[in-house]
Number of protein chains: 2
Amino acid sequence: MLLTIDLDSEVPIYQQIRDRVVEAIADGDLAEGSALPSTRQLAADLAINFHTVNKAYDLLRREGVIRINRKSGAVVRRDAGSGPAEAGFADEWQARLRTLLAEATVHGLGEQEVLRRCGEVIDSFGARKVRPGEVDLLSNG
Amino acid sequence: MLLTIDLDSEVPIYQQIRDRVVEAIADGDLAEGSALPSTRQLAADLAINFHTVNKAYDLLRREGVIRINRKSGAVVRRDAGSGPAEAGFADEWQARLRTLLAEATVHGLGEQEVLRRCGEVIDSFGARKVRPGEVDLLSNG
DNA sequence: TTATCTGTTATAGGTAACCTATATCAGATA
DNA sequence: TATCTGATATAGGTTACCTATAACAGATAA
């Protein structure tokens with residue numbers, strides 16, 4: 001399963017779903033234009049209420065990551081990052097980055113080590129990693 | 001004032017205090033061994049309840065960032081990053097980094113741009129930036 | 001000693017977040 | 001027709017978050 005959640009996590013379920021979808025897009029596992037499962041279907045697979053999935057999808061829509069139509073359902077936007085609220089995104093994002101990197105520094109990770117891990121994560125993006133025969137919950141079909 | 005919070009933010013107040021303290025340590029504005037304001041004092045300065053500050057300090061203590069004694073109050077640990085829960089810190093931290101960097105990628109920031117901002121943030125750490133005469137809420141005194 | 005500040009703990013209450021449970025409606029589809 | 005879908009409404013329960021008040025004990029200064 002390409003999308004897993006942790007019911008015991010302190011992170012809200014809808015936030016976990018949102019994070020996994022964003023990561024899947026960055027990884028290339030979710031191509032632009034591809035459809036996400038229906039809210040009821042994904043809720044059934046995750047054994048949660050469909051309103052929780054609906055909240056996650058609505059968050060992704062408000063962030064400009066996906067489009068939601070009654071016909072085609074939830075679809076990854078082809079021009080994600082071009083929404084109206086994207087103007088000041090970089091600044092707000094870098095503020096959160098600053099907090100996260102500060103945390104690593106305080107916990108003893110050297111600046112070089114931190115930068116190395118940043119590069120490692122970035123390099124991991126863009127490559128499709130679904131093995132042949134693996135069930136892909138997030139793809140069409 | 002070196003520590004400001006936004007009461008209208010969706011980020012909990014205690015989380016904002018925690019974030020600002022961590023950033024101040026990374027910036028070098030809060031040296032190891034220096035004391036934080038008392039919970040009641042900081043609460044009064046921020047015009048919030050002292051229990052909220054107490055929650056922020058307790059979070060920093062559980063994260064191994066500060067020590068709290070009845071005598072010296074809250075003090076920045078000299079060996080922050082050496083706590084018992086620091087073993088698996090790097091992995092958990094990188095997972096959060098992955099989510100954050102994926103978000104930037106999805107919103108159109110190129111991989112080079114993302115890496116450049118990571119370096120920019122890291123380079124900003126370590127330099128003391130308190131101007132002469134500036135009131136420093138987080139220092140001794 | 002007295003007064004004050006500190007950290008610590010306890011209790012209580014209000015608002016909001018989060019998740020679930022049902023139900024209904026209408027458009028699309030097999 | 002039957003089914004799936006997105007969208008919306010209501011309701012209830014649990015927990016997070018913040019505030020308010022009180023009390024206790026250790027440390028410190030007048």
Side-chain angles (χ1 to χ4, degrees), chain A residues 3-21 33-77 99 137-141, chain B residues 3-21 33-77 99 137-141:
Chain A
L3 198 162
T4 57
I5 60 174
D6 178 13
L7 295 177
D8 296 328
S9 170
E10 294 182 358
V11 181
I13 298 175
Y14 78 94
Q15 184 74 44
Q16 293 184 49
I17 296 174
R18 176 267 183 194
D19 290 346
R20 294 302 87 75
V21 170
S34 62
L36 274 64
S38 72
T39 56
R40 285 178 172 84
Q41 182 61 50
L42 184 54
D45 291 336
L46 298 177
I48 59 177
N49 192 276
F50 82 94
H51 279 113
T52 305
V53 179
N54 206 331
K55 184 167 184 175
Y57 281 12
D58 186 65
L59 176 58
L60 286 165
R61 181 190 58 79
R62 285 186 284 110
E63 290 179 340
V65 177
I66 65 176
R67 292 184 183 280
I68 302 179
N69 302 320
R70 195 181 297 267
K71 297 186 60 171
S72 46
V75 176
V76 179
R77 279 185 57 172
T99 302
L137 257 183
L138 292 178
S139 291
N140 300 326
Chain B
L3 197 163
T4 56
I5 59 175
D6 177 13
L7 295 178
D8 296 327
S9 170
E10 294 181 359
V11 181
I13 299 174
Y14 78 94
Q15 183 75 43
Q16 293 185 48
I17 296 174
R18 176 267 184 194
D19 290 345
R20 295 300 88 75
V21 170
S34 63
L36 275 63
S38 72
T39 56
R40 286 178 172 84
Q41 182 61 50
L42 184 54
D45 290 337
L46 298 177
I48 60 177
N49 192 277
F50 81 94
H51 279 113
T52 304
V53 179
N54 206 332
K55 185 168 184 174
Y57 281 12
D58 186 63
L59 176 58
L60 287 165
R61 180 189 59 78
R62 285 187 282 110
E63 289 179 341
V65 177
I66 65 175
R67 291 185 183 278
I68 303 179
N69 302 319
R70 196 180 296 265
K71 296 188 60 170
S72 44
V75 175
V76 180
R77 278 186 58 172
T99 302
L137 257 184
L138 291 178
S139 292
N140 300 326

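All figures in this text were calculated on a predicted structure; none of them were measured in a lab.
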Original post:
Just by protein heavy atoms under 4.0 Å, how would nucleotides 18-23 of chain D read 5' to 3' in B, S and -?
Top reply: SBBBBB
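Here C:dC18 presents its C1' atom at 13 Å from CD of A:Gln16, a figure rounded to the nearest Å. Rounded to whole Å, the distance from CG on B:Leu42 to C1' on C:dT6 is 14 Å. Taking atom CG of A:Leu46 as the reference point, atom P of C:dC19 lies 12 Å away to the nearest angstrom. Atom C1' of nucleotide D:dT5 and atom CD1 of A:Ile68 are separated by 12 Å, given to the nearest angstrom. Going from atom CZ of A:Arg61 over to atom P of D:dG6 covers 13 Å, rounded to whole Å. Atom CG of B:Asp58 is separated from atom P of D:dC17 by 13 Å (rounded to the nearest Å). For the pair B:Arg67 CZ and C:dG7 P, the computed distance is 17 Å after rounding to whole Å. Rounded to whole angstrom, the span from the CG atom of A:Asn54 across to the P atom of D:dT10 amounts to 16 Å.
With hydrogens and angles left out, the side-chain atoms of B:Asn69 and B:Ser72 include a donor and acceptor closer than 3.5 Å.
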Taking N or O atoms only and anything under 3.5 Å, show me the protein contacts with nucleotides 25-30 of chain D, one pair per line.
none

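Looking at heavy atoms from C-beta onward, A:Asp19 lies out of side-chain contact with A:Gln16 at the 4.5 angstrom threshold. The closest side-chain heavy-atom distance from B:Lys55 to B:Ile17 is not below 4.5 Å. Counting heavy atoms from C-beta outward, A:Ile48 and A:Ile5 have side chains that approach closer than 4.5 Å.
Residue B:Ser38 places no side-chain N or O under 4.0 Å from the OP1 or OP2 atom of C:dC5.
In this view, B:Thr99 and A:Glu23 satisfy the side chain to side chain donor-acceptor pair (under 3.5 Å) rule, not counting sequence neighbours. By the side-chain contact (heavy atoms from CB on, under 4.5 Å) test, A:Asp8 pairs with A:Asp6, sequence neighbours left out. Under the rule for a side-chain contact (heavy atoms from CB on, under 4.5 Å), the partners of A:Ala74 that lie at least two apart in sequence or sit in another chain are A:Leu36, A:Tyr57, A:Ile66, A:Ile68. In this view, B:Arg40 satisfies the salt bridge (Lys or Arg N to Asp or Glu O under 4.0 Å) rule with no residue, not counting sequence neighbours.
Across B:Gly33 and B:Val75, no two heavy atoms sit closer than the pair O-CG1, 3.2 Å.
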